[in-house]
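We use all heavy atoms of the structure for the numbers below, so side chains are in, but hydrogens, waters and symmetry mates are not. Note that the structure is predicted; figures quoted are calculated from it, not measured. Counting convention: from 1, in listed order, for ligands and their atoms alike.
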Amino acid sequence: MQKPAAHQGVTGELAALLSQIALVGKLIAQDLRRAGLIDILGTTGEINVQGETVKKLDEIANETFLKVFHQNGLACALASEEMEKPVLLPENWPRAKYMLLFDPLDGSSNTDCNMPLGAIFSVVTSGHSDRMPTKDDLVRKGTEQVAAGYLLYGSSTMLIYTTGQGVHGFTLDPGIGEYVLSHEQIRVPTRGKVYGVNEGNYHKWSGGTRKYVDYLKVNDTATGRPYSSRYSGCLAADVHRILLGGGIYLYPGEIEKPEGKLRLLYEANPLAMVVEQAGGRASTGAMRILDVEAKQLHQRVPLIIGSAEDVRDAEEFMQGRRM
Ligand code: AFP
């Protein structure tokens with residue numbers, strides 16, 4: 001893990017923080033491997049701040065992030081998709097200048113059926129050297145992230161991250177219990193042949209979004225259509241497929257819900273940083289994700305992300321510049 005970090009001027013503290021996220025990945029992956037055997041599937045009976053049913057594994061994954069980062073002293077504030085309010089850690093400040101925002105278990109509807117899961121994270125600096133950060137200091141524009149990435153619990157466990165100088169992927173080798181650099185300097189192809197979207201929402205979308213998705217299905221070998229549809233219900237897994245093979249993922253806004261479903265700070269910003277660093281594009285359909293003004297911790301945003309040319313096509317349809 002030192003190799004790309006050392007190459008790219010990543011400080012020891014940031015490298016340490018990333019390896020602690022890798023540790024979270026090991027701990028959660030260990031639980032997931034035995035999930036059907038140790039009574040950690042199903043729901044807790046609670047509803048989270050997002051209005052969603054809390055799965056037992058959501059809670060376990062959130063607690064794992066909190067425990068690891070409470071003990072390691074590397075962050076002075078933690079914000080999670082699962083918690084209404086952030087956890088501020090004055091005992092770590094000013095020694096720890098980083099703040100961590102995370103979706104501890106992405107795709108949690110996949111828990112009970114042995115489908116892929118993930119975790120998504122974003123790292124920002126506290127921004128003030130003269131005072132402890134407040135809740136509002138966590139609400140930052142995507143361009144201010146110093147690192148971002150995701151853990152993917154699929155057929156292998158992987159950590160993908162960027163510190164703003166390219167994207168690297170590590171695969172957990174269960175034989176030695178260590179991550180090995182398996183994907184150095186990932187580049188997303190400029191165009192792909194795959195689209196991922198929850199098409200059950202088709203009739204809720206704007207005309208532009210519907211026309212774009214219809215366009216992807218037209219049989220036209222000259223432009224490489226029809227595209228194949230791939231959607232797992234786990235954003236990290238769907239974006240990972242596109243990061244490696246190209247294509248487009250959409251969770252668009254809807255007529256009655258223009259802000260869409262995904263969270264800006266825990267999902268859209270970190271994945272936008274990763275995909276842009278790999279040469280791709282991430283947009284709301286109207287503007288670059290990383291330039292969206294962050295106003296609230298749990299703010300939602302439409303997300304169109306993937307190969308640069310595919311995302312540009314989608315923007316043209318959504319903005320009515322193409323019919
Ligand atoms: P959470 O499990 O963190 O709530 O994430 C699920 C998710 O935000 C994302 O991973 C999926 O792509 C998307 O929601 C799936 O949503 P639909 O069930 O509406 O397709």
> Where the side chain of D31 meets the backbone of I28, is there a donor-acceptor pair that is under 3.5 Å apart?
no

> Closest non-hydrogen protein atom to atom 18 (O) of ligand 1, residue and atom name please, with distance?
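Checked against all protein heavy atoms, atom 18 (O) of ligand 1 sits closest to K261 NZ, 3.9 Å.
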
> Of the backbone atoms (N, CA, C, O) and the side-chain heavy atoms from C-beta on, which set of Y249 has a member under 4.0 Å from an atom of ligand 1: side chain, backbone, both, or neither?
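Answer for Y249: side chain.
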
> Any donor and acceptor pair, going by atom type alone, linking the side chain of E82 with main-chain N or O of D58 inside 3.5 Å?
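No; zero donor-acceptor contacts below 3.5 Å.
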
> Please confirm whether N110 approaches ligand 1 to less than 4.0 Å, judged on its heavy atoms.
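No, N110 has no heavy atoms under 4.0 Å from ligand 1.
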
> So, does N201 use its side chain to make a donor-acceptor pair with the main chain of K204 at under 3.5 Å?
no

> Tell me, which protein residue and heavy-atom name are nearest atom 1 (P) of ligand 1, and how many Å apart are they?
G107 N, 3.6 Å

> With side chain to side chain contact (heavy atoms under 4.5 Å, CB included) as the test, pick out the partner of I21 among F69, F102, Y161.
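Going through F69, F102, Y161 one by one, the side chain to side chain contact (heavy atoms under 4.5 Å, CB included) with I21 is satisfied by F69 alone.
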
> With a 4.0 Å cut-off on heavy atoms, is S109 touching ligand 1?
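The answer is no, since S109 has no heavy atom less than 4.0 Å from ligand 1.
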
> Before accepting this row, confirm whether a basic side-chain N of the pair E46/K55 lies closer than 4.0 Å to the acidic partner's carboxylate O.
no

> For Y251, state whether at least one heavy atom is located under 4.0 Å from any atom of ligand 1.
yes

> Show the atoms of ligand 1 that are less than 4.0 angstrom away from any heavy atom in R263.
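Those atoms are 4 (O), 8 (O).
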
> Starting from atom 4 (O) of ligand 1, find the nearest protein heavy-atom neighbour and note its residue, name and distance.
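Ranked first by proximity to atom 4 (O) of ligand 1 is E52 OE1, 3.3 Å.
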
> With heavy-atom distances below 4.0 Å as the criterion, list the atoms of ligand 1 near L262.
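Numbered from 1, ligand 1 contributes 8 (O).
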
> What part of L235, side chain, backbone, both or neither, has a heavy atom within less than 4.0 angstrom of ligand 1?
both

> Between D106, D58, L105, which one has a non-hydrogen atom sitting closest to atom 10 (O) of ligand 1?
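Answer by nearest heavy atom: D106.
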
> Using atom types as modelled and distance alone, determine if a side-chain donor or acceptor of T64 lies under 3.5 Å from a backbone N or O of I60.
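Indeed, once roles are kept as given, a pair shorter than 3.5 Å links the two residues.
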
> Can you tell me which residue and heavy atom of the protein come closest to atom 8 (O) of ligand 1, and the distance to 0.1 Å?
E267 OE2, 3.1 Å

> Of A237, S108, A61, which has the heavy atom at the shortest distance from atom 2 (O) of ligand 1?
S108

> Can you confirm if the aromatic rings of H183 and F170 lie within a centre distance of less than 6.0 Å?
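No, the ring centres sit 6.0 Å or more apart.
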
> I need the nearest protein heavy-atom contact for atom 3 (O) of ligand 1: residue, atom name and distance, please.
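Answer, as residue, atom name and distance: D103 OD2, 2.9 Å.
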
> Which residue and non-hydrogen atom of the protein lie closest to atom 11 (C) of ligand 1, and at what distance in Å?
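Going atom by atom, the protein heavy atom closest to atom 11 (C) of ligand 1 ends up being G233 O, 3.4 Å.
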
> Starting from atom 15 (C) of ligand 1, what is the nearest protein heavy atom, named by residue and atom, and what distance separates them?
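Among all protein heavy atoms, the one nearest atom 15 (C) of ligand 1 is Y231 OH, 3.2 Å.
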
> Check this for me: does any side-chain nitrogen of one of E315 and R321 sit under 4.0 Å from a carboxylate oxygen of the other?
no

> Of the backbone atoms (N, CA, C, O) and the side-chain heavy atoms from C-beta on, which set of C234 has a member under 4.0 Å from an atom of ligand 1: side chain, backbone, both, or neither?
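For C234, only backbone atoms sit under 4.0 Å from ligand 1.
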
> Check whether any side-chain N or O of N269 sits under 3.5 Å from a backbone N or O of L265 as a donor-acceptor pair, and report yes or no.
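No; judged by distance alone, with no hydrogens or angles, the pair does not exist.
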
> Examine the side chains of R322 and Y215 and answer whether a donor and an acceptor come within less than 3.5 Å of each other.
yes

> Between D310 (side chain) and G192 (backbone), is there a donor-acceptor pair under 3.5 Å?
yes

> Should K55 be listed as contacting ligand 1, given a heavy-atom distance under 4.0 Å as the test?
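The answer is no: ligand 1 sits nowhere under 4.0 Å from a heavy atom of K55.
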
> Which atoms of ligand 1 have any heavy atom of N198 under 4.0 Å away?
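Near N198, meaning under 4.0 Å from one of its heavy atoms, ligand 1 has 17 (P), 19 (O), 20 (O).
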
